[in-house]
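Worksheet: the structure to be examined is printed underneath.
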Amino acid sequence: MKLTVYLDTSSWNYLLSGQMPSLRRAFGRSGSCIPCYSIQSIEELLGVRDERKKAELDLQLDAVGARYFETLSDTEGGVPTGHRITVINREERCQIYEDMQKFSLVGGFGLGDLIQKFIGGIGSTSFEDVSKMALADIEGLLDFDVSELPPELAAMVTSEAEAMKEQARKAQHDLLEQLNRQDDIRLQQLDPARINNFTGTGAFERIIEVARDQAGTSKMVEVFLGGPPRVSSKRADAHLGTPTWEQVYRLAQLLFLLGYWRESKHLKDRERARIDFAGGQADIFHIANASFCSIFHTTDKPQAHLAAAVYDHLNVPTLVLLYTPKTGAETTLYAPKSIQALGA
């Protein structure tokens, strides 16, 4: 049996800088532990500005025998329903990274910026600014190179792309009008000083109980739990089902919006805050991706607590390990009764 270890980008950075020797030794034991990284990892690792460091990080992925973790969907662009773990080389990683740079992940086509404004961040950025940046991303994505296509096919592709751009412009216009009519659209959150103390078994259930007692957060809870498919707020009932990527992502996002272990930097009003928020949203993707693996390893404390609370509620068979760089200690925040593993 082989264990798959999904490392958050924070853990990859420390591992590849020479820290966490015990984890490195585990990866060297005849392939019994397989380190994994995803498309989000590629975006973050290859996005460093120092070219020398970028090259070192990239080379070390192969040196430790890392495998590429890729989610699979039943439909193009649909919600992940499965995964595969493969070997890809430096050239393939670079191509993936270059493809991702064709559009900006900061702002998330407007959705990320809207969420950040809803929780009280980037106050000086207007909804009109958000709309313009979102349209620029969408139109950039739809700017297909048709120079090598036959004329008739090129005309067809260009026409279809223009129609999709026009649909996006109309949707953005309608949304902007609706948002400008609203007086206060900030999402309510819970008191972090209270809910951050909820850890261990049943943490998610206790947070939801508090959220349902507040008018501003009870509706949000119902929307996120409602699905489909619906997720029970009771831990025992939630354990009756088989957890999915979508459920893990949905519950992690709910806790994030409620303010559970959410960092104050996301509420600041500057461009750096947009970048940090995009990183916070990537953390949620890492949590959902890792639910397919044996172990989730991270040095990000807020992310680890989010993962532990969601995994515990959904009975995800993935161990959550938090590494503390200052002390070198590894703490288990969630230990399932059994963990998933690959066959021999």
Side-chain angles (χ1 to χ4, degrees), residues 38-44 46-47 70-81 94-149 153-182 185-187 223-224 245-246 249-250 253 256-257 266 269-286 288-289:
S38 65
I39 189 171
Q40 286 79 24
S41 312
I42 292 175
E43 167 70 17
E44 293 170 325
L46 299 190
E70 182 181 10
T71 56
L72 303 174
S73 305
D74 295 332
T75 58
E76 184 69 27
V79 174
T81 54
C94 287
Q95 187 59 56
I96 290 172
Y97 178 76
E98 289 176 8
D99 289 343
M100 295 181 72
Q101 300 316 297
K102 294 177 182 177
F103 57 91
S104 171
L105 293 183
V106 176
F109 295 99
L111 179 59
D113 281 335
L114 285 178
I115 295 174
Q116 192 168 10
K117 284 187 67 64
F118 289 164
I119 66 173
I122 55 174
S124 64
T125 302
S126 67
F127 287 122
E128 186 173 1
D129 293 333
V130 171
S131 179
K132 288 179 179 178
M133 290 185 289
L135 276 176
D137 280 345
I138 293 170
E139 291 183 354
L141 188 66
L142 293 173
D143 281 336
F144 300 113
D145 181 4
V146 298
S147 60
E148 297 184 4
L149 296 179
L153 180 57
M156 185 183 304
V157 171
T158 300
S159 175
E160 188 66 27
E162 286 301 320
M164 294 171 70
K165 289 179 184 179
E166 186 57 36
Q167 288 179 344
R169 294 186 194 108
K170 184 179 185 306
Q172 288 283 355
H173 177 268
D174 293 345
L175 177 61
L176 185 60
E177 284 196 335
Q178 182 179 350
L179 291 172
N180 285 331
R181 288 196 297 266
Q182 300 292 324
I185 59 170
R186 178 180 289 198
L187 295 175
V223 168
F224 274 82
W245 187 100
E246 186 276 335
Y249 179 88
R250 193 184 347 148
Q253 187 71 271
F256 178 85
L257 294 177
H266 297 313
D269 188 11
R270 57 192 184 193
E271 182 61 21
R272 180 68 218 181
R274 295 180 70 232
I275 297 172
D276 290 336
F277 188 82
Q281 290 297 293
D283 285 347
I284 296 177
F285 277 95
H286 287 306
N289 291 342

Name each donor-acceptor pair under 3.5 Å that joins a side chain in residues 126-134 to protein atoms two or more places apart or in another chain, with its distance.
{"unit_1": "Ser126", "atom_1": "OG", "unit_2": "Glu128", "atom_2": "N", "d": "3.4"}
{"unit_1": "Ser126", "atom_1": "OG", "unit_2": "Asp129", "atom_2": "N", "d": "3.0"}
{"unit_1": "Ser126", "atom_1": "OG", "unit_2": "Asp129", "atom_2": "OD2", "d": "3.1"}
{"unit_1": "Asp129", "atom_1": "OD2", "unit_2": "Ser126", "atom_2": "N", "d": "3.1"}
{"unit_1": "Ser131", "atom_1": "OG", "unit_2": "Gln172", "atom_2": "OE1", "d": "3.4"}

Rounded to the nearest 0.5 angstrom, the CG-CG distance for Leu257 and Leu187 is 6.0 Å

- Does the side chain of Thr125 come within less than 4.5 Å of Asp113's, by heavy atoms? no

So, Lys170 and Asp174, do they make that salt bridge, N to O below 4.0 Å? yes

Closest non-hydrogen contact found for Gln281 with Phe256 is NE2-CE2, 3.5 Å

Taking every heavy atom of Gly280 against every heavy atom of His266, the minimum-distance pair comes out as CA-CE1, 4.2 Å

CD1 of Ile138 to CD of Gln167, rounded to nearest 0.5 Å, is 11.0 Å

Donor-acceptor pair, Gln116 side chain versus Ala273 backbone, under 3.5 Å? yes

Shortest non-hydrogen pair, Ser73 vs Gly78, comes out as OG-O, 2.7 Å

Original post:
Can you say whether the rings of Phe285 and Trp245 are parallel (under 30°), tilted (30 to 60°) or perpendicular (over 60°)?
Top reply: tilted

- Message: Between Tyr249 and Ile284, is there a side-chain heavy-atom distance shorter than 4.5 Å?
- Response: yes

Only residue of Asp74, Thr71, Thr75 satisfying side-chain hydrogen bond (donor to acceptor under 3.5 Å, both in side chains) with Thr81 is Asp74

d(Arg272 CZ, Phe277 CZ) to nearest 0.5 Å is 14.0 Å

On a heavy-atom basis, the closest approach of Gly123 and Asp269 is N-OD1, 3.3 Å

The reported gap from CD1 in Ile115 to CD1 in Ile122 (rounded to nearest 0.5 angstrom) is 10.5 Å

Discussion item. Tell me whether Arg169 at atom CZ has more than 12 heavy atoms from other residues, nucleotides or ligands lying less than 6.0 Å away.
Written reply: yes

* Does Glu139 use its side chain to pair, donor to acceptor, with the backbone of Lys165 at less than 3.5 Å? -> no

NZ (Lys117) and CD1 (Ile119) are apart, to the nearest 0.5 Å, by 11.5 Å

Separation between CD (Gln101) and CD1 (Ile96), nearest 0.5 Å, reads 12.0 Å

